[in-house]
Amino acid sequence: MPRLTATFRTDLTSVPAFFSWLVPKTGNHLPATLLHDGLIHPPGDPTYVSTESHVVRRVEADRVLRDAMADAGTALVRRWLVWSAVTTVTMLDGGGTGWTKSRAWYHRLVAALTVVLILALGVLATLDLFDIRIPFNPTQLWMGDRTWFVEIVNGLSAAIAIPLLLARLFWGKDLWIAGAVVGVSLSVLLHVTVAVLAITGLYQLVERFTRSVTSDGVPGREAGHPVRRTRPCQCRTCVASAGTELRVLLR
């Protein structure tokens with residue numbers, strides 16, 4: 001594990017930077033994610049066959065990830081979030097699942113349309129909440145012309161009910177829980193995600209600006225000011241000391 005160790009690479013937990021506040025790249029779930037990366041490697045043939053000839057396809061590898069996170073002590077909500085997100089990616093990709101071409105396309109379309117529909121409804125409901133009228137923006141039945149508090153309660157209720165309904169109807173009996181978790185999380189956390197994206201974008205702009213006023217992208221080095229580089233000591237005592245420290249760290 002993995003089958004091809006020479007080409008195996010991992011980015012730890014595959015989480016976009018703006019979602020790392022919710023699911024960090026490291027933690028007690030990391031061994032399970034590394035196991036999952038090994039099961040679906042290489043990307044062109046993500047079907048693992050054990051030494052006892054047990055075939056583990058990608059959907060089964062996703063379940064192994066969920067169970068391994070439970071064994072590692074990952075919190076219930078976090079491991080179901082991770083499993084649901086990974087399962088959605090599996091549906092969008094379709095590789096290594098053993099599905100027929102028609103079934104793979106069905107799952108791909110269902111996952112993509114669910115995400116797009118939830119995002120669209122979330123944006124339209126937000127505009128309705130603030131009474132912002134734009135063309136082709138019909139008033140949602142659950143929002144209407146009500147008080148601000150009632151519209152928030154109704155919007156939150158719809159953000160839970162609609163993804164649950166879509167997942168139960170279209171995601172299938174084996175994957176509908178993943179669709180429900182992804183849908184509800186996306187709809188409820190939509191505004192938080194937008195805020196985090198805005199802050200992340202602002203940070204990236206500031207970072208790019210600060211790099212533009214430095215030379216060669218070296219932090220703390222202003223243009224025209226050389227950086228002193230100190231060569232490490234090469235005497236026997238210092239080399240032996242460094243080797244001892246390295247061996248202690250590797251134990």
Counterpart residues, side-chain hydrogen bond (donor to acceptor under 3.5 Å, both in side chains), relative to Y106 (two or more places apart):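 For Y106 there are no side-chain hydrogen bond (donor to acceptor under 3.5 Å, both in side chains) partners, ignoring immediate neighbours.
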Do [X] and [Y] come close enough that some side-chain heavy atom pair is under 4.5 Å?
X: V86; Y: H36; value: yes
X: W99; Y: V59; value: yes
X: R211; Y: R208; value: no
X: L65; Y: L35; value: no
X: I162; Y: S187; value: no

Can a donor-acceptor pair be found, under 3.5 Å and without considering hydrogens, that links the side chain of [X] to the backbone of [Y]?
X: T126; Y: G122; result: yes
X: H29; Y: R78; result: no
X: R79; Y: M69; result: no

Just to verify, which of T114, T88, L119 counts as forming a side-chain contact (heavy atoms from CB on, under 4.5 Å) with L186? L119
If the test is side-chain contact (heavy atoms from CB on, under 4.5 Å), which one of V182, I177, D62 qualifies with S84? V182
Which pair of heavy atoms, one from [X] and one from [Y], lies closest together, and at what distance?
X: H107; Y: W171; result: CE1-O, 4.0 Å
X: P163; Y: G183; result: CB-C, 3.5 Å
X: L81; Y: S185; result: CD2-OG, 3.1 Å

Assess the side chains of T87 and W83: does a donor N or O sit below 3.5 Å from an acceptor N or O? yes
One thing to verify: whether R58 and D93 come together as a salt bridge, which I'm taking to mean a side-chain N less than 4.0 angstrom from a carboxylate O.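 Yes, D93 and R58 are salt-bridged.
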